[in-house]
Number of protein chains: 2
Amino acid sequence: MPPPSRPVAGAEVPPGAALLPVTVDVVALTVRDDALHVLLVERGVEPFRGALALPGGFVLPGEGLAAAATRELAEEAGIAPPGYLEQLGTYGPLGRDPRGPVLSVAYLLLAPDFGLVRAGSDAAGAAWHPVADVLDPGALGFDHGRILADGVERARSKLEYSPLATAFCGPEFTVAELRRVYEAVWGVRLDPRNFSRKATGTPGLLVETGRFTSGGAGRPAALYRAAVRAPGIQGVGGSAATGDDGPASVPVVLDPPLLRPRS
Amino acid sequence: MPPPSRPVAGAEVPPGAALLPVTVDVVALTVRDDALHVLLVERGVEPFRGALALPGGFVLPGEGLAAAATRELAEEAGIAPPGYLEQLGTYGPLGRDPRGPVLSVAYLLLAPDFGLVRAGSDAAGAAWHPVADVLDPGALGFDHGRILADGVERARSKLEYSPLATAFCGPEFTVAELRRVYEAVWGVRLDPRNFSRKATGTPGLLVETGRFTSGGAGRPAALYRAAVRAPGIQGVGGSAATGDDGPASVPVVLDPPLLRPRS
DNA sequence: TCAAAAGTGTTGTGTGTACACCCATGG
DNA sequence: CCATGGGTGTACACACAACACTTTTGA
């Protein structure tokens with residue numbers, strides 16, 4: 001059997017250097033039913049066949065990291081998801097894949113609750129799972145339990161110092177919806193009155209639309225848009241489009257920060 | 001000429017996946033003469049021959065990321081440096097090395113001012129440079145200017161929420177030395193009286209030794225040790241030793257934080 | 001005795017928190 | 001008119017910035 005055509009990069013690289021396969025894994029988080037959820041696939045092939053895992057796959061020749069992340073998400077979720085994408089960290093290459101050394105670059109996606117099209121190619125199906133159900137080590141294949149824990153912790157701290165909570169919301173949202181995002185991600189209850197004041201009084205977080213909700217119970221709530229269009233998958237000029245394959249370029253900083261209650 | 005013996009990992013990896021050379025680059029920071037300095041090498045080989053660059057090199061077969069970082073540092077600085085090591089981010093693989101696609105995993109080292117042994121193997125020499133002198137884009141080869149900027153920003157924010165400022169100090173130090181670390185990294189002047197109260201009153205930052213300085217001008221200062229032995233190169237059970245090749249495992253958190261002055 | 005550096009006391013200002021209270025809608 | 005949720009006013013506690021002041025050494 002002839003070897004498959006596999007373009008190998010780094011022909012000018014010094015001898016002795018390792019050539020490693022690289023995967024991209026995505027921790028895609030959303031808030032649904034007032035709880036933090038993560039997008040997981042059921043693996044259809046070995047290793048860890050049948051187990052839950054983060055969506056992801058191998059980087060292809062000529063492909064950038066962020067591009068690989070969005071491609072894998074699109075393949076396994078069935079659609080190109082909206083949201084904010086940032087690099088989480090790199091794991092490996094030793095002792096994390098039974099097939100041998102594999103480097104894995106993890107990405108974090110914060111997204112509104114987008115619908116899934118069940119047509120994964122190499123996965124039996126992708127679905128949202130409550131994070132609380134799968135946070136214990138061993139619930140996921142590979143070292144994805146640790147990656148998920150790192151992603152959740154990153155999201156929790158990002159909400160304090162950046163306006164990225166709005167990445168979980170749709171194009172227009174109320175202060176109460178934003179508060180439920182904070183409550184779900186942090187796992188706490190926040191005072192609605194103080195939160196409203198804090199959110200509307202923090203520069204760089206919200207912009208008024210002048211519109212209001214209607215139809216629900218109680219007084220109509222003001223509708224807001226995110227003050228910053230977070231760099232992300234759909235954003236023109238965002239990370240994926242420009243091939244900016246570095247770690248998180250610090251977005252706009254919240255000042256004063258919205259600190260989570262300390263125990 | 002027979003091909004060099006190059007163990008190629010990932011034999012069971014699906015065809016079509018890229019096999020990439022991976023480098024590790026280190027942003028090694030220290031404080032000397034009340035200014036933040038970074039360890040740089042003058043490149044002795046192409047590409048960017050003669051230019052300044054971050055110390056680093058290719059990951060070898062069978063080697064972990066953190067192990068590669070410490071090995072490169074030891075090779076290019078001449079000694080195994082002390083300090084705290086954490087992963088900064090991953091860059092590439094496209095458009096950052098004229099030789100072709102190369103993935104680069106950057107690490108951040110916060111270290112006391114350790115002496116250098118000028119015996120680099122593939123570098124003409126390693127030396128400390130004031131960060132202010134080389135922060136402008138284009139001062140360094142490759143994309144190392146951006147990596148340095150990311151590392152400096154990471155260090156600045158780490159000092160607010162973690163006790164890692166002590167990683168810049170020796171085994172015993174005074175509150176004034178610690179204050180000069182904060183002043184150098186943040187580029188601000190801090191009130192010595194208020195800083196002293198804040199530092200000594202923050203749990204998890206300092207432990208008294210009962211000893212005092214002597215010989216200098218003025219009243220002797222109390223000597224302290226770091227409350228946390230930061231995971232790092234020399235620490236038993238640290239990242240490098242255990243092959244823990246993930247991103248920053250969040251160390252002890254400072255509560256209350258030591259916030260830098262906002263403009 | 002003076003200069004220098006370390007460390008403490010005190011006070012004004014601001015920010016977070018708790019909660020009383022008012023506003024606007026649907027049933 | 002009442003329930004429901006949205007939003008404002010206000011008092012208290014606490015934390016930080018500013019700076020006067022004391023302590024302890026070397027010259």
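Below, each value reflects all heavy atoms present in this structure, side chains not excepted, and no hydrogens, waters or symmetry copies. Each chain gets a letter, A, B and so on, in the order the sequences are listed, and its residues count up from 1.
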Heavy-atom nearest pair, Tyr107(B) first then Asp245(B), reads OH-OD1, 4.3 Å
Might you point out which heavy atoms bring Ala111(A) and Pro82(A) nearest each other, and give the distance in Å?
-> CB-O, 3.4 Å
Enumerate the protein-to-nucleotides 16-18 of chain C contacts in which both atoms are nitrogen or oxygen and the separation is below 3.5 Å.
from    : atom 1 : to        : atom 2 : distance (Å)
dG16(C) : OP1    : Lys198(A) : NZ     : 3.2
dA18(C) : N7     : Asn194(A) : ND2    : 2.7
dA18(C) : N6     : Asn194(A) : OD1    : 3.1
dA18(C) : N6     : Arg197(A) : NH2    : 3.4

Whole-Å gap separating [atom2] ([N]) and [atom1] ([X]):
X: Leu178(B); N: dG7(C); atom1: CG; atom2: C1'; result: 16 Å
X: Tyr224(A); N: dG6(D); atom1: OH; atom2: C1'; result: 10 Å
X: Arg179(B); N: dG7(C); atom1: CZ; atom2: C1'; result: 12 Å
X: Leu223(A); N: dT25(C); atom1: CG; atom2: P; result: 14 Å
X: Arg219(B); N: dA6(C); atom1: CZ; atom2: C1'; result: 5 Å
X: Leu190(B); N: dC19(D); atom1: CG; atom2: P; result: 15 Å
X: Phe212(A); N: dG26(C); atom1: CZ; atom2: P; result: 14 Å
X: Leu258(B); N: dA17(D); atom1: CG; atom2: C1'; result: 14 Å

For the pair Glu208(A) and Arg225(A), find out whether any cationic side-chain nitrogen is under 4.0 Å from an anionic carboxylate oxygen.
-> no
Residues Arg146(B), Asp150(B): salt bridge by 4.0 Å N-O rule = yes
Donor on one side chain, acceptor on other, Tyr91(B) and Asp25(B), under 3.5 Å = no
Where each residue is assigned the nucleotide of DNA chain D containing its nearest heavy atom, which of Pro220(A) and Gly216(B) is assigned the position nearer the 5′ end?
-> Pro220(A)
Kindly state whether the ring of Tyr182(A) and the ring of Phe168(A) have centres lying under 6.0 angstrom apart.
-> no
